[in-house]
Amino acid sequence: MAQIIDGKAIAKRIKAEVKERIAARGEPAPLVVAVEVGEDAASASYVRNQARQAERVGIHHRLDRLPADTNDEALRDHLRGLNADPAVTGIMLQTPLPRHLDLRGARALIASSKDVEAVGPLAAGALVANTHAVAPCTAQAAVLCLEDVLGDDLSGKHVVVIGRSEIVGRPLGLLLLHANATVTVCHRHTGDLSPYTRNADAVVVAVGKPGLVRGDMVRPGAVVVDVGTNWIEAEERLVGDVDFDSVEPHAAAITPVPGGVGPVTVAVLLANTLHLAEAASPASPEAAQ
Ligand code: NAP
């Protein structure tokens, strides 16, 4: 039987520390602004959850919803306004954006000092150079799930990452390299994944395909982290990319979906928000005591 990696417990520890540090800093509390263009049901529920969790640790959260027909220039003006507002310490741009908008251009406009999701080009460059202040939340969350089992020394571990998106797989590959893991990144063109996954100490999958990783693909004793989130309409439930029932008997440890990487991702977002607020305005010596 595999150990179930308890994402909620990891998230709870991170949030408790964030809450403590925010209380010690005193006012003004960090303010994170989520910018949403139009309305997307999944994004709206994610933002509501973000807002609830932020307020619980003492971070103020605001949703700026712009009309669905907002054009690139208006979105950029809005982001420039948030960059210039000293009360705003963090900015998030909710996705998906309406198709007519330039997501990459908008992300590039978010001041790197307020880029709490680390999605802009400066954050990406800093991650390559290993000089980053904060890392993309889900990639960092996957590392924390691995470390929960393997300890914080991933050096020499062979980790196979399936998926190479700009927001999850690729930054995760870099974070693992910086931790001295040996990293293999698989993607749509890899073909048969098994020769790679069967050799791995740990497998992290971030694709968006239910059942992609099966039990016969995992080495006995491997750690499996499932980033995927797939809503199965017919069963009205959320599943990951891992066929949990066949993988769990082989693995040493595995994240469930839900309750694995997801809660840790939100906690990392809060930690990133605090970190950038602290960098922008260090706590006064009195507040830190
Ligand atoms: P994405 O941008 O669609 O990227 C998917 C990646 O999977 C791509 O790199 C793609 O390869 C690769 N891929 C597709 N089919 C494959 C196959 N058959 N074999 C190997 N690789 C394959 O997705 P994403 O934004 O990274 O998200 C991935 C999953 O994580 C989704 O289910 C998403 O909902 C979930 N997610 C969860 C959280 C969380 O907090 N838990 C956060 C973010 C995302 P190519 O590059 O070659 O096309």
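Indexing begins at 1, ligand by ligand and atom by atom, following the structure's order. The shown structure was predicted, so the numbers you read here are calculated from the model rather than taken from an experiment.
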Any chance you could measure L154, atom CG, to N180, atom CG, to the nearest 0.5 Å? 9.0 Å

Residue pairs involving residues 190-203 (criterion side chain to side chain donor-acceptor pair (under 3.5 Å); sequence neighbours excluded): D192-S194, D201-R219

Might you list the protein residues in contact with ligand 1, defined as having a heavy atom under 4.0 Å from one of its atoms, sorted by chain and number? T138, I162, G163, R164, S165, I167, V168, H187, R188, H189, A206, V207, G208, K209, L212, V227, G228, T229, N230, G262, T265

To the nearest 0.5 angstrom, please state how far the CZ atom of R170 sits from the CZ atom of R164. 7.0 Å

Can a donor-acceptor pair be found, under 3.5 Å and without considering hydrogens, that links the side chain of D64 to the backbone of V33? no

Pairwise side chain to side chain donor-acceptor pair (under 3.5 Å) hits with a residue in residues 104-130, at least two apart: R104-E166

Residue pairs passing the side chain to side chain donor-acceptor pair (under 3.5 Å) test where at least one lies in residues 2-19, sequence neighbours excluded: R13-D148, K15-Q53, E17-R21

